[in-house]
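Structure first, commentary second.
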Amino acid sequence: MDIVLTILAGATVGLAIGITGVGGGSLMTPILLLFGFPLHIAVGTDLLYAAITKSGGALLHTRQKSIDWHIVYWLSAGSIPASLLTIL
């Protein structure tokens, strides 16, 4: 039963992300916490899940030529240094 509930939660989050564009971390991590997972496991699991699903979306949008790489460059110019600074 827990596996079915977990699959349904993943499907619900995936549907909500696809329809609204809301970040999955704001949905999936709290759901995993409600399922009783420790915080570090919930965050790590959600990050891996997001990396896999976002990679698939990025490939699809690249094929459809629906990415403005100029905007990606400027977003990356701010977010990558901020991420590295945060890690330090």
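Note that the structure is a prediction, hence the values are computed from the model and not measured.
- Hydrophobic clustering (side-chain heavy atoms under 4.5 Å, transitive across Ile, Leu, Val, Met, Phe, Trp, Tyr) keeps V13 apart from L47.
- Remark: L39 engages L33, V43 in a side-chain contact (heavy atoms from CB on, under 4.5 Å) (not counting sequence neighbours).
- Side-chain contact between L88 and L84: absent, with no pair of heavy atoms (C-beta onward) separated by less than 4.5 Å.
- Sorted by first and then second residue, the pairs that involve residues 25-37 and meet side chain to side chain donor-acceptor pair (under 3.5 Å), not counting sequence neighbours, are T29-D46.
- Applying the side chain to side chain donor-acceptor pair (under 3.5 Å) definition to pairs two or more places apart or across chains, none involves residues 49-59.
- By the side-chain contact (heavy atoms from CB on, under 4.5 Å) test, S66 is found to be paired with H61, Q64, residues two or more places apart in sequence or in another chain being considered.
- Evaluation of the side chain to side chain donor-acceptor pair (under 3.5 Å) test over residues 79-88, restricted to residues two or more places apart or in two chains, returns none.
- Under the side chain to side chain donor-acceptor pair (under 3.5 Å) criterion, the residue pairs touching residues 68-78 are H70-W74, with sequence neighbours excluded.
- By the side-chain contact (heavy atoms from CB on, under 4.5 Å) test, A9 is found to be paired with I31, F35, residues two or more places apart in sequence or in another chain being considered.
- By the side-chain contact (heavy atoms from CB on, under 4.5 Å) test, P38 is found to be paired with H40, I41, residues two or more places apart in sequence or in another chain being considered.
- To the nearest 0.5 Å, atom CG of residue L8 and atom CG of residue L15 are 12.0 Å apart.
- In the hydrophobic clustering (ILVMFWY side chains linked at under 4.5 Å, chained through shared members), I52 is joined by L48.
- In the hydrophobic clustering (ILVMFWY side chains linked at under 4.5 Å, chained through shared members), L85 stands by itself.
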